[in-house]
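Worth knowing before you read on, the calculation uses all heavy atoms, side chains too, and leaves out hydrogens, waters and symmetry mates.
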Amino acid sequence: MEIAALGIDVGSTTVKMVAVNRAGALVWDYLEPVAPRVSRQVDDFLAKLGAKIGSLAEIPLVATGYGRNLVQQARQSKTEISCHAHGVFQELGHGGTLIDIGGQDSKVIVIGARGRILDFAMNDKCAAGTGRFLENSAARMQIPVAEMGAVALTATEEFTITSTCTVFAESEIISLLAQGVAVEPILMGLHRALVKRVAAMVRSVGLVPPLLLSGGVVKNPAIRKVIADETGEEVFVPTHPQLMGALGAALFALKLAD
Amino acid sequence: MTIINSLKYYWNVKLTGQPFLAWQRRQAESHPKISARWRSDILSPPLKIAARTRELISRHYLEGRYAAGHRPVAWVTSGAPVEILQALGFYILYPENHGALCGVRGAVVELSGAAENAGYSTDICSYARTDIGSVLSGKTPVGRLPPPDLLLACTNICQTVLHWYRVLARHFQVPLILIDTPFVYSKLAEHSLEYVKIQLENSIPAAERAAGRKLDYRRLKEIVQLSKDATELWQEIINRGHQRPAPLSVFDQFIHMAPIVEMRGQKATVDFYAALLKELDENIANGIGAVRNERKRLLWDNLPIWYRLRYFAEYLGEHGICVVASTYTNAWGELAPFMNTQKPLAAIARTYISPILNQGTGYKLATMQRMVTEFQLDGIILHSDRSCKPYSIGQIEQRNRLIQEFDIPALLLEADHDDPRAYAEAQVASRLAAFVEMLDD
Ligand code: SF4
C-alpha cells in the first residue's frame, strides 16, 4: 500500500482517519468513537497504520473537524467546510450542493464547477436541525437510532411536530404518545421537522444540483426520502459518506507533501 | 438646581476631576505604554488619540455623576435631535452608549438580569434591558447615572425605544418628548418632513420648561454648525479607509465613535476628530495600516459585538484581514450634508428622518454595494443581531445579492450586540475559520 498523505476528522461523536496515495485516491480508512484524549487516540491510530506499512514520519497529516486543534501530530488544521468540499469534489469530479448532518451541527456547502466553495450555511446555535435532535427523540421513544428511519417509512400517516427545538419536541412527543398516537407517524413527523430546518439552509445558499448527503445520518432512509420531498431534488450519497471530511484533509495534506 | 449641588459639581468636575483626567491623558501621551496584551505582532500600535478618547468618555460620565441638581439632565435615544437640548444647556445621557460601555465592561448579564427578574422579556433589545436593569438596580460600571429631568425618544431607529422610554417616563415621573419620524420606504415625502418639523417646534416649550430657560436660536445655530463640522470630519475619517493599508479598522472606529454619538454639537468633539484625522493622515503618509500585514479587506454590517471586539480584531488580524468599512459607523457620518444652520429646525427634521434604520432595506443594500466598490472589499460579515431586529431584517436577501453581484464571500454571523448569552464562540469560530479559508481560496 502506497501512502502519500493522511487526513483526520475529529467530530463530536466519531474520529475518522484516511490515507491517500499520490494520486489522491483513498487507500485506507479507519473510524471509531471519539475518545476523551484525542491526541493519544491519534497516536494509537498512527501506531496501527505504522505497524502495517512502516514509518509514517515523513507523511503529512492534516486535521479537521471540531477537535482539529487537539491533534498535535497534524501539520496543519483546516475547517470541515473546506475539507468536505475538497473531499466531495475529488469523489465527484464536479460541483454540487452537499448537505452534511452531523451529531453536533449540520451544514450545507455549495461547491462550484472547479471545486471552489461558493457558499455555505450552518445550523443555528442549538441542536435543532442536527442528528442530536433525532437521537434524543429516538431515546424518548425507545427505538434504536439505527432503526428509526426504516420504522418511520412504514408509517401510513404523519403527525406534524411543530417544535424544532430538541427539548420542546420531546415534550410534544410525550403528549402525543400519551394521547395514544402510534410511534410511526410521530417518527415521520420528526424527520420532517429536522429536514425542514436543513431545507431552509439549502434555500438560503441556493441549491446547485446535484444534491449530495453526507454525515452519520446517510444510513437513515427516511432522511433521504424527506430531503428529496422537501427540495424536489434526487439525493445522492457519496461512496464514503462519513469520510468526506477526512478525505478532504488528506488531500490538503497531499499538497503539503509536494 | 441647588447651590450645594453646583458647588459639588464645580469641585468634583471642574476643579479636581477634569484636571486629573487631563493630567492622566498627558501622562499617557508623553509616556505611551502599550499593554502587554496588545498583539503588536499583527496590529500596529494603538493610535495616540486613544488617550484623548478615554479622557473624553471619562469626562462625560464624570460630568454625569455630578450633573443632577446642577444642570438639567436629559436621557435621549442615539438618533435623537439633541441639538435643541444642547442649546438649552442640558447634560445629555445616551442609555444606548452606556449600554455599549456595559457590554465592553462585561456588565450586561448582571444588569439585564435585574430587568429580566422584574419581568422584562429576553426578547427585548439588550440595550433596553441593560438600561432598565441599571435603573432598577442602581448599578453601573461608571459609578452613578444622573436621573433625567426630561426624556427624548425619536423613532428613527426602532420602535423599541418608544416603549422603553415610556417605561423610563413612568419610573422617573418626568416628561417624555416623542419625535415620530415616518419610515422612508423609498422617497422622502415633503409632508413627512413637515410633520417632523412641527413636532420639533411643539416640543420646544416642554424642553424649555424642563431646562428652566428659553431657547436661544443663535446658540442653536452654533450647535448645529458644530454638529455638522464633527459629522463631516467623522465621514472623512471613515473615508480614509479607502487607503491601502487602511489606517483605521472598524474595531477602532467602534471605540472612537463614542464622541460623535454622545457629544455631537460640542467644540471639543470637533477638535478631537480633527486631531484623529491628522494622525491618520500621518500614518497614511508613513504607510502604517491598522493591521500590519493587510491582505484582505472586509465590510461589517450591523452593530458591533461589544463584548468580543478584541477577539474579532485579533482573529482577523492574524490572517492579515482588516475590516475597513461598516454601515454602522457610517450612519453617523452620512447625515452631515443635511445639517444646515440657515433653517435649523427644517435641517434637523431632514437629518433625523434620514438615518439608515429609518429607510427601506434597499437603501442599506445600496450603501453596502457602494462600499464594496469604493473600499475595494474582498468579503462581508453581516452580524445578525438577536436584539436589533430593524438592523437585521433583510440581511439574508442582502447577503445573497451581494454574493451574486460581486462574487465575494459573505458571512452571516448570529450573535447579540450586548448580551453574551446569545453568542456561542465555538460556533462563531468555526464559521469564521471557514470564511477565512474561503477568502483565500
Ligand atoms: S433595537 Fe436596535 S435600534 Fe433599537 S435600541 Fe436596540 S439596538 Fe438600538
Side-chain angles (χ1 to χ4, degrees), chain A residues 9-12 62-70 76-86 89 95 98 100 102 104-130 200-208 245 248-249 252 255, chain B residues 122-123 126 296 305 308 315-316 318-319 321 378-387 392-417 419-441:
Chain A
D9 178 357
V10 183
S12 62
V62 167
T64 185
Y66 257 119
R68 62 182 180 277
N69 294 324
L70 302 173
Q76 213 183 57
S77 73
K78 282 270 177 190
T79 64
E80 303 112 279
I81 302 284
S82 295
C83 289
H84 272 87
H86 221 52
F89 184 69
L98 174 74
D100 181 89
Q104 183 79 247
D105 69 6
S106 42
K107 40 191 168 289
V108 177
I109 309 170
V110 188
I111 304 156
R114 266 165 291 139
R116 212 183 106 200
I117 300 170
L118 300 182
D119 204 354
F120 72 90
M122 292 169 91
N123 67 295
D124 304 339
K125 292 180 291 279
C126 70
T130 73
M201 277 160 48
V202 173
R203 275 194 295 277
S204 81
V205 292
L207 193 153
V208 174
F252 277 115
K255 287 187 194 160
Chain B
T122 48
D123 288 332
S126 47
K296 301 277 175 182
I305 301 173
R308 297 306 277 149
Y315 182 85
L316 294 169
E318 248 170 44
H319 294 88
I321 298 167
D378 303 293
I380 302 165
I381 295 179
L382 301 107
H383 164 209
S384 170
D385 185 346
R386 175 89 179 76
S387 273
S392 308
I393 195 162
Q395 276 180 318
I396 292 180
E397 182 62 19
Q398 287 157 1
R399 173 182 170 276
N400 289 345
R401 294 224 196 160
L402 290 163
I403 292 176
Q404 265 165 22
E405 187 174 336
F406 297 102
D407 192 26
I408 53 174
L411 176 72
L412 192 72
L413 268 190
E414 291 187 29
D416 187 279
H417 65 265
D419 191 340
R421 293 168 299 177
Y423 171 82
E425 186 120 308
Q427 309 265 8
V428 166
S430 63
R431 283 162 175 74
L432 214 49
F435 178 67
V436 167
E437 286 174 3
M438 269 177 89
L439 280 172
D440 280 327
D441 204 15

Roughly how far apart are [X] [atom1] and [Y] [atom2], rounded to 0.5 Å?
X	Y	atom1	atom2	result
Phe252(A)	Glu437(B)	CZ	CD	6.5 Å
Asn400(B)	Asp119(A)	CG	CG	7.0 Å
Ile81(A)	Met438(B)	CD1	CE	9.0 Å

*Show your reasoning for whether side-chain contact (heavy atoms from CB on, under 4.5 Å) applies to Gln427(B) and Met122(A).*
CA-CA 9 Å; Gln427(B) 309 265 8; Met122(A) 292 169 91; 5.5 Å; no
*For Glu405(B), which residues count as a salt bridge (Lys or Arg N to Asp or Glu O under 4.0 Å) partner, sequence neighbours excluded?*
none
*Can you name the residues that form a salt bridge (Lys or Arg N to Asp or Glu O under 4.0 Å) with Lys107(A), not counting sequence neighbours?*
Glu80(A), Asp100(A), Asp105(A)
_Can you confirm whether Arg308(B) is buried at CZ, in the sense that more than 12 heavy atoms of other residues, nucleotides or ligands lie under 6.0 Å from that atom?_
yes
*Kindly check if the number of other-residue, nucleotide or ligand heavy atoms within 6.0 Å of CD1 (Ile403(B)) is above 12?*
yes
_If I compare all heavy atoms of Ala433(B) with all of Thr79(A), which pair ends up nearest, and what's the gap?_
CB-CG2, 3.2 Å
*At a heavy-atom separation under 4.5 Å, does Leu411(B) approach chain A through its side chain, its backbone, both, or neither?*
side chain
